Amino acid sequence: MARIRISELLNNGANFLGEKIEIKGWVRAFRSKRFVQLNDGSCMANIQGVIDFEKFEEAALRPISTGAAVCLKGILVESQGSGQAVELQVESFEIIGSADPDEIQKTILQPKKHSLDLLREQAHLRFRTNTFGAVFRIRHAASFAIHKFFNERGFNYIHTPILTGSDAEGAGEMFRVSTLDPKNPPLDDEGNVDYSKDFFGKQVNLTVSGQLEAELAALGLGQVYTFGPTFRAENSNTSRHLAEFWMIEPEVAFNDLFDNMDLTEAFLKYIGTYILDNCGEDLSFLDQRYTQEQSQKPQNERSHLGLIESIQFITNNDFKRLTYTEAIDVLRNSKAYKKKRFEFPVEWGTDLQSEHERYLVEKEFKCPVILRDYPSGIKAFYMRQNDDGKTVAAMDVLFPGIGEIVGGSQREERLDVLKSKCKDFNIDEKELWWYMETRKFGTVPHAGFGMGFERLVMFLTGMSNIRDVIPFPRARDNAEF
RNA sequence: GGUCCCAUAGCUCAGCUGGUUAGAGCAUACGACUGUUAAUCGUGGGGUCGCAGGUUCAAGUCCUGCUGGGACCGCCA
């Protein structure tokens, strides 16, 4: 007898009515010694197994306890109860893996509400909860939708290296990778660690971005994207930073900044639509959770939209586009500014603070915002210099509740300008000789962006801590599991 | 790196200006009931009040230090 997945039975129950089938899963609850709620992870909903307890020894039923893995065999019938359309009339069962109730009681598997904190401490078990089942099914669907989007548009998926020898990516502190003996490393004449004796003959780190390599690929394959892990050794301690996270970085030859914004917007809308179309059950569960969470916040911090509504809002409305300079004006003319509500000054040439971004997105425009043309001084060396001489063709996409979800730019394709930028930023162009050469031979305008995958999943699931949208979060002082 | 908060049962929390034997809900165990949907009803077990000092006749409660955890900010995706 073949095992049928629970999602199959609940979605297409009619096909199996009256048939003898087998299901396997974990017991979520065993009520009245008669009703087993079984979940196998294929969907949010449980299937109900109905056991005629008079036909079985009481001792035999005892191991059907919360958390146990069981196999149920029986006939699928229309349910006599009201909560479900079909149920399994159990003829026989088998305990695959038992779970001692006394021990279960100490875990998050005990059937009651738990704080996200506690769930995180038991990340090895949280896949068995409704919330994390939904989150990780949606995470999968989003990641699938991303590949689908790019594939439909003729992009090539590029696997950029995770180990990198270039120290010039400039996106943050890096994790060093070495096979040298940490207690007794080889030293050079000046007493410094001699990395020429290390595995790669030079100092090597975990990547902080695949962008530079993706550019090389785009300047040949035309349009590419990366989707891989990224590592930053920043001492960040917030609900939206991780030391290990997944990033998507498309790069397109012949695109300018405006093509880039169009691509970003189409991309985010496509994923939103895909999730709305394919994850209804999980979304509506998370939507309820989200609404309940919002209701516990003070009135002025609440979102005026539900989870599903905010995804629909993204897919149905154009993003607000304005320049950094215009944003500064908007902020300076705002009531919040005049009433001195901002903690940090609003000044052309400095980076916008979180409070400013949040004001633009949540108060002023109430929709996703794309800011562009930032002052050159606050952005990376590879971003294309605008004709005004003061700004670069950079863009950031800001989302409600999350802040910066995408950062991108048109890249500097003019060799002479790039060289002088390297000087300004104190970057050794010799170390990036391969990057410079693409500007020497058939250079073209091109553009791309980087999106933090977990931040997108936060938006799609309504989870407010980034550590709750990745299976095993790595953050400062935290590498458990 | 900065600022601020928290620590009482397996979990979530209450415990007033210090005062007798530290409570509740859920979970768990046992019993009853049996078409339940967070099932219901009854009974029981479960606590060195994070740790170490101090003040006091008396500390879960006040003070100091330590440990553990969280929130926000900065850095960014």
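Each chain gets a letter, A, B and so on, in the order the sequences are listed, and its residues count up from 1. Not measured: the values here are computed from a predicted model.
Figure legend. B:G23 is base-paired to B:C13; pairs are counted as Watson-Crick or G-U wobble with both atom distances under 3.5 Å. B:G18 makes up no base pair with any nucleotide shown, lacking Watson-Crick or G-U wobble contacts both under 3.5 Å. Pair check for B:U56 finds none; no Watson-Crick or G-U wobble contact set falls under 3.5 Å. With a cut-off of 3.5 Å on both pairing distances, B:U37 has no Watson-Crick or G-U wobble partner at all. Base pairing annotation: B:U67 forms a Watson-Crick or G-U wobble pair with B:A7, both donor-acceptor distances under 3.5 Å. Here B:G47 sits opposite no nucleotide as a Watson-Crick or G-U wobble pair (both hydrogen-bonding atom distances under 3.5 Å).
Across the P atoms, B:U64 and B:G23 are found 30 Å apart, a figure rounded to whole Å. Taking atom C1' in both B:U17 and B:A29, the straight-line distance is 42 Å, to the nearest Å. Only the C1' atoms considered, B:A24 is 15 Å distant from B:G46, to the nearest whole Å. Comparing the same atom, P, in B:U37 and in B:G74 gives a spacing of 49 Å after rounding to whole Å. Between B:A27 and B:C13, the two C1' atoms lie 14 Å apart (nearest whole Å). Nucleotides B:C73 and B:G19 have their C1' atoms positioned 44 Å apart, rounded to a whole Å. Straight-line distance between the P atoms of B:G42 and B:G25: roughly 10 Å, to the nearest whole Å. Taking atom P on both nucleotides, B:C57 is separated from B:C16 by 22 Å, rounded to a whole Å.
A:Tyr382 and A:Glu215 share no donor-acceptor pair across their side chains, judged by distance under 3.5 Å alone. A donor atom on one side chain and an acceptor atom on the other are not found under 3.5 Å apart for A:Thr107 and A:Gln122. No side-chain donor from either of A:Glu8 and A:Ser42 sits under 3.5 Å from a side-chain acceptor of the other.
Distance CG (A:Leu398) to P (B:C76): 14 Å, rounded to an integer number of Å. Across the protein-nucleic acid pair, A:Asp477 atom CG and B:U67 atom P stand 13 Å apart, rounded to whole Å. Spacing between atom CZ of A:Arg358 and atom P of B:C76 amounts to 16 Å, rounded to whole angstrom units. Rounding to whole angstrom units, NE2 of residue A:His114 and P of B:C13 are separated by 13 Å. If you measure from atom CZ of A:Arg240 to atom C1' of B:C72, you get 10 Å, rounded to the nearest angstrom. Distance A:Glu244 CD to B:A77 C1': 14 Å, rounded to the nearest Å. Whole-Å rounding puts the A:Lys106 NZ to B:G46 P distance at 14 Å. Regarding A:Glu404, its CD atom lies at a distance of 14 Å from the C1' atom of B:G74, rounded to whole Å.
Ring to ring, A:Phe56 and A:Phe93 are close: their centroids are under 6.0 angstrom apart. In this structure, A:Phe472 has its ring center closer than 6.0 angstrom to the ring center of A:Phe127. Aromatic pair A:Phe449/A:Phe267: centroids less than 6.0 angstrom apart.
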Base-contact (B) and sugar-phosphate-only (S) positions in nucleotides 27-40 of chain B, heavy-atom cut-off under 4.0 Å, - elsewhere
BSSS--BBBBB-B-

For a quick check, with a 4.0 angstrom heavy-atom cut-off, what is the B/S/- contact string for nucleotides 1-9 of chain B, read 5' to 3'?
B--------

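For the pair A:Glu343 and A:Asp351, nearest-nucleotide mapping onto RNA chain B gives the more 5' position to A:Glu343.
Counting all heavy atoms, side chain and backbone alike, A:Gly450 lies closest to A:Glu249 at CA-CG, 3.9 Å.
Note on ring orientation: taking the six-membered ring where Trp is involved, the planes of A:His356 and A:Phe342 are perpendicular (angle over 60°, cut-offs 30° and 60°). Classified by interplanar angle (parallel below 30°, tilted 30° to 60°, perpendicular above 60°), the ring pair A:Phe150/A:Phe155 is tilted.
A:Thr230 comes within 4.0 angstrom of no nucleic acid atom, judged by non-hydrogen atoms across all strands. Within the 4.0 angstrom heavy-atom criterion, no nucleotide atom of any strand lies near A:Asn46. Counting any heavy atom pair closer than 4.0 Å across all strands shown, A:Leu242 reaches a base atom.
Other residues, nucleotides and ligands place more than 12 heavy atoms under 6.0 Å from the CG atom of A:Asp52.
With A:His147 as the partner, the ring pair (Phe, Tyr, Trp, His ring centres under 6.0 Å) test is satisfied by one option alone out of A:Tyr157, A:Tyr270, A:Tyr274: A:Tyr157.
For B:C73, the OP1/OP2 oxygens have no side-chain nitrogen or oxygen of A:Thr238 closer than 4.0 Å.
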